[in-house]
J.: 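I'd like to ask you about the structure that follows.
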Amino acid sequence: MLEPARPDAGSSAVRKPRVRFAPSPTGFLHVGSARTFIFNWLYARHNGGTVVLRIDDTDVERNTQASLNSIFEGLRWLDLGWDEEYQQSERLAIHRRIADLIFDRGLAYRDFTPAHAGDAEKPGGQGTWLFNPGVRDLSRAESDRRAAAGEPFAVRFRVPREAVQQIRFVDRVYGEQAKSTADIEDFALLRSDGMPTYHLASCADDAELQIDHIIRGQDHLSNTFKHILIFEAAGFTLPQFAHLPLLVAPDGTKLSKRRHGPVVSVTTYRDAGFLPEAFVNFLCLLGWSPKDNREKMSRQELIEAFTLEGINRANAVVNFKDAPALDRTSSAQQVSRPGATAVEQRNSSAQQVSAGDASERKVQVPPGTAHILAPEETFDPKAIWLNAEHIRALSIEDLTDRLAPIVREGGFKTERRKMLQITKLIQERIKLLRDVITVADFFFVDHLPPYESAELIPHQGDAAMAQKVLRKAHEVLAQTEFKHDTLDHSLRAAAQELGVKAGQMFQPIRVAVCGRKNAPPLFETLEVLGRDTTVQRIEQAIRKLQ
RNA sequence: GGCGCUAUCGUCUAGGGGUUAGGACGGAAGAUUCUCAAUCUUCAAACCCGGGUUCGAUUCCCGGUAGCGCUACCA
């Protein structure tokens, strides 16, 4: 996984930026991280630069393999790729060397006081550790003696106190930034176990990997002053900084797995049937604008249009609906549509209260929960819309290739020839790839799922009319050629013969063959279904009406 | 608490000293079609508050408020 450092960086006068995306494997890849990666990638591609993926895994306690897998899974799905890859834990020697360098220059010191995490949370925010004069002024001899004696210590940066100065830099998004060293605490470089902290490892690697543009979340804006201190202490040239506005939940809080559930995980979007190019497009529009009113953009268009200047400064809300389990107000009302997805079904079964005894053996919904949200209701409506736009922009072949695996995973079998026909019929009717299961199921199954016979009754008609229409349809369809135009003519003629409106003729047939009222256009549908299935389903419908 | 950042329709945003403050999603209404979808048309919907600068501020400056971030031997 580890590759040797690049031999010759930045030697040419041409500015080919080197950017990096540095996730830490302490959770799944979430949408905010994904967007940071995308912006880095776009910036690099727009300028012919290099994208470095660096796994920031210096927090041994919290790293998990599952998280690492999830991150790669997410990144692979995004399908953008990267040019170089590193793992921070394999570069500890570099971090150590930089820490020693800073220490040897007298710009850092050993702190022998035990770790005291949590002080910052003291009531009133007091107890904030800015620096401890007694500790930082320990004589070098004393410090060396205690270290030699094996006493554990952390290494802290000696932030200038006596001559207070302003640290300044120009952020490519937020403009001029300044902070007094009086407001910067003596942050740690090395922990007492010898592991580097994020600040040290990040800066050491950024410098060593010759990263010249650091594009990251705005939560690092205040940290940048510390980083500049490190860069300067080690004698590194400063990279450019560009901070991105944060992605927040509808309630304004930072996105988190705990509070907001799977909607913040990239793989959730994949599993729900988003197209990676649509998802990327959506994320780009959160906090960035091409400024020309374009919304739907291809990957290439994004590369061409992307500039740091187009980035906004205010946080952006990802407008998803809260997970269903959280407090819903109105009274219990289960949504049970015929097309309920597996996710919904899992949710709804999870929400059923296990009844105590047989007397109250009815399905209940706990108070405060009501509406089970369908996938298309939980995601940001704009993401859904963009996805539908991208789906419609796909060729039939391409879309079929993406739909087929989902159909197969859904337990249906179909051959490509038929699938191509189906795709054509549903392309503008699905918003998520997964919708193929609920929208086109009747093409795949041998037996239609049950439906109410009342559905067969046409508008302004009755059961008798439904009967009459279906019998006539049965008669006509038994001998008509199953081609769009022929079906159109004969069925319309039949309607006229019966003295019913075309709609009253078509609707019972549609319900009979599709098992529901809303479906793709009738004649095309019949063509794909074929005579045998059609006739058989009409017979079933007629029996149903008796 | 300290420090920093931010503030245009419900949401994403464009704009910018004088505009009918533009677009998109979502919502509503209508057209169209064999239902649905798609498409088209129309409508409702915003410059956080208070001062200043100015002939004129939504735009520039200051203050307030609110939100967010940092304030760990997390990243």
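Here is the naming used below: chain letters follow the sequence lines, and residue numbers restart at 1 for every chain.
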J.: Under 4.0 Å between any heavy atoms, over every strand shown, what does A/P520 touch: base, sugar-phosphate, or nothing? Just pick one.
T.: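 Base contact - A/P520 has a heavy atom under 4.0 Å of at least one base atom.
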
J.: Looking across every strand, which nucleic acid part, if any, lies under 4.0 Å from A/T58 by heavy atom: base, sugar-phosphate, or nothing?
T.: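 Touches sugar-phosphate only.
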
J.: Starting from P on B/rA72, measure out to CG on A/D111 and report it in whole angstrom.
T.: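 Roughly 13 Å, once rounded to whole Å.
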
J.: Hey, does the side chain of A/R313 come within less than 4.0 Å of B/rA7's phosphate (OP1/OP2), counting only N and O?
T.: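 No, A/R313 has no side-chain N/O under 4.0 Å of OP1/OP2 on B/rA7.
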
J.: Can you tell me the base-pairing partner of B/rA45? Count Watson-Crick or G-U wobble geometry only, both distances below 3.5 Å, and say none if there is no partner.
T.: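 Per the H-bond distance test, none.
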
J.: By the 4.0 Å heavy-atom rule, please label A/H199 as base, sugar-phosphate, or nothing.
T.: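 Base contact.
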
J.: Could A/R54 and A/D206 be called an ion pair, given the rule that one side-chain N must be under 4.0 Å from one carboxylate O?
T.: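 A/D206 and A/R54: salt-bridged.
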
J.: Under 4.0 angstrom, heavy atoms only, what part of the nucleic acid is A/H220 near: base, sugar-phosphate, or nothing?
T.: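 The answer is base, as A/H220 lies within the cut-off (heavy atoms under 4.0 Å) of a base atom.
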
J.: Mind listing the N/O atom pairs, protein and nucleotides 38-48 of chain B, below 3.5 Å?
T.:
none

J.: Return the residues of residues 494-513 of chain A meeting this criterion: a heavy atom under 4.0 Å from some atom of RNA chain B. Order them by number, or give none.
T.: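 Residues of residues 494-513 of chain A under 4.0 Å from RNA chain B: A/F506, A/Q507, A/R510.
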
J.: When both hydrogen-bonding distances must be under 3.5 Å and the geometry is Watson-Crick or G-U wobble, what is B/rU53 paired with, if anything?
T.: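 Here B/rU53 is not engaged in any pair, so there is no nucleotide opposite it.
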
J.: Holding to salt bridge (Lys or Arg N to Asp or Glu O under 4.0 Å), I want the full list of residues that pass it with A/R168, two or more places apart in sequence or in another chain.
T.: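 Salt bridge (Lys or Arg N to Asp or Glu O under 4.0 Å) check on A/R168 returns nothing, list empty.
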
J.: Can you list every pair that meets salt bridge (charged side-chain N to carboxylate O under 4.0 Å, His left out) and has a residue in residues 23-38 of chain A, with sequence neighbours left out?
T.: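 Residue pairs passing salt bridge (charged side-chain N to carboxylate O under 4.0 Å, His left out), neighbours aside: none found.
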
J.: Specify whether A/F282 and A/F279 have parallel, tilted or perpendicular ring planes, treating 30° as the upper limit for parallel and 60° as the lower limit for perpendicular.
T.: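 A/F282 vs A/F279 ring planes: tilted.
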
J.: If the C1' atom of B/rA21 is compared with that of B/rG15, how far apart are they to the nearest Å?
T.: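 That atom pair is separated by 8 Å.
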
J.: Taking for each residue the nucleotide of RNA chain B bearing the nearest heavy atom, is the 5' side occupied by A/Q88 or by A/I430?
T.: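 Final value for this comparison: A/I430.
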
J.: Listed by chain and number, what are the salt bridge (Lys or Arg N to Asp or Glu O under 4.0 Å) partners of A/R313, not counting sequence neighbours?
T.: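 Partners of A/R313 by the salt bridge (Lys or Arg N to Asp or Glu O under 4.0 Å) criterion come out as none, since no residue qualifies.
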
J.: Name the nucleic acid region contacted by A/P521, choosing base, sugar-phosphate or nothing; use a 4.0 angstrom heavy-atom cut-off, strictly under.
T.: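 Since a base atom lies under 4.0 Å of A/P521, the category is base.
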
J.: Can you name the atoms? Protein N/O to nucleotides 9-14 of chain B N/O, anything below 3.5 Å, with the distance.
T.:
unit_1 : atom_1 : unit_2 : atom_2 : d
B/rC12 : OP1    : A/V317 : N      : 2.9
B/rC12 : O2'    : A/L285 : O      : 2.6
B/rC12 : O2     : A/K382 : NZ     : 3.4
B/rU13 : OP1    : A/G287 : N      : 2.3
B/rA14 : OP1    : A/K291 : NZ     : 3.3
B/rA14 : OP2    : A/N312 : ND2    : 3.1

J.: Could you check whether A/D186 pairs with A/R161 (Lys NZ or Arg NE/NH1/NH2 to Asp/Glu carboxylate O, under 4.0 Å)?
T.: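 Looking at A/R161 together with A/D186, the answer is yes, because their closest N to O distance falls below 4.0 Å.
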
J.: Sort and list the pairs that fulfil ring pair (Phe, Tyr, Trp, His ring centres under 6.0 Å) and have at least one residue in residues 494-529 of chain A, not counting sequence neighbours.
T.: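 Those involving residues 494-529 of chain A are A/H484-A/F523, A/F506-A/F523.
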
J.: Rounded to whole Å, please give me the gap between CZ in A/F241 and P in B/rG69.
T.: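 From A/F241 CZ to B/rG69 P: 21 Å.
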
J.: Applying a 4.0 Å non-hydrogen cut-off, can you work out what A/K226 is touching in the nucleic acid: base, sugar-phosphate, or nothing?
T.: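 Counting heavy atoms under 4.0 Å across all strands, the contact made by A/K226 is with sugar-phosphate only.
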
J.: Applying ring-ring contact (aromatic ring centres under 6.0 Å, His included), can you list everything that pairs with A/H199, at least two apart in sequence or on another chain?
T.: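 Applying ring-ring contact (aromatic ring centres under 6.0 Å, His included) to A/H199 gives A/F187, A/H227.
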
J.: Could you list, one pair per line, each protein nitrogen or oxygen that sits under 3.5 Å from a nitrogen or oxygen of nucleotides 2-4 of chain B, together with the distance?
T.:
none

J.: Rounded off to whole Å, could you give me the CD-to-C1' distance for the A/E185 and B/rC73 pair?
T.: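 So the CD-C1' distance, A/E185 to B/rC73, works out to 12 Å.
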
J.: Could you list the donor-acceptor pairs under 3.5 angstrom formed between side-chain atoms of residues 492-505 of chain A and any protein atom two or more places apart in sequence or on another chain?
T.:
unit_1 : atom_1 : unit_2 : atom_2 : d
A/R492 : NE     : A/D488 : OD1    : 2.5
A/E497 : OE2    : A/K472 : NZ     : 2.6
A/Q504 : OE1    : A/K501 : N      : 2.9
A/Q504 : NE2    : A/H459 : O      : 2.9

J.: Any chance you could lay out the salt bridge (Lys or Arg N to Asp or Glu O under 4.0 Å) test for A/K291 and A/E309, step after step, and finish with the verdict?
T.: CA-CA 10 Å; A/K291 298 185 187 295; A/E309 288 65 41; over 6 Å; no

J.: Mind checking what makes salt bridge (Lys or Arg N to Asp or Glu O under 4.0 Å) contact with A/R402, not counting sequence neighbours?
T.: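 Result, salt bridge (Lys or Arg N to Asp or Glu O under 4.0 Å) vs A/R402: A/E277, A/D398.
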
J.: Does a side-chain N-to-carboxylate-O contact under 4.0 Å join A/D292 and A/R294?
T.: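 Salt bridge flag = yes for A/R294 with A/D292.
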
J.: Any side-chain N or O of A/T197 below 4.0 angstrom from OP1/OP2 of B/rA75?
T.: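 Indeed not, no polar side-chain atom of A/T197 lies that close.
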
J.: Without hydrogens or angle criteria, can the side chains of A/Q507 and A/R510 be said to hold a donor-acceptor pair below 3.5 Å?
T.: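 There is such a pair between these side chains.
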
J.: Rounded to whole Å, please give me the gap between NZ in A/K254 and C1' in B/rC5.
T.: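 After rounding, the reported distance stands at 14 Å.
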
J.: Check salt bridge (Lys or Arg N to Asp or Glu O under 4.0 Å) between A/E481 and all other residues, then give those that pass, not counting sequence neighbours.
T.: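 Residues passing salt bridge (Lys or Arg N to Asp or Glu O under 4.0 Å) with A/E481: none at all.
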
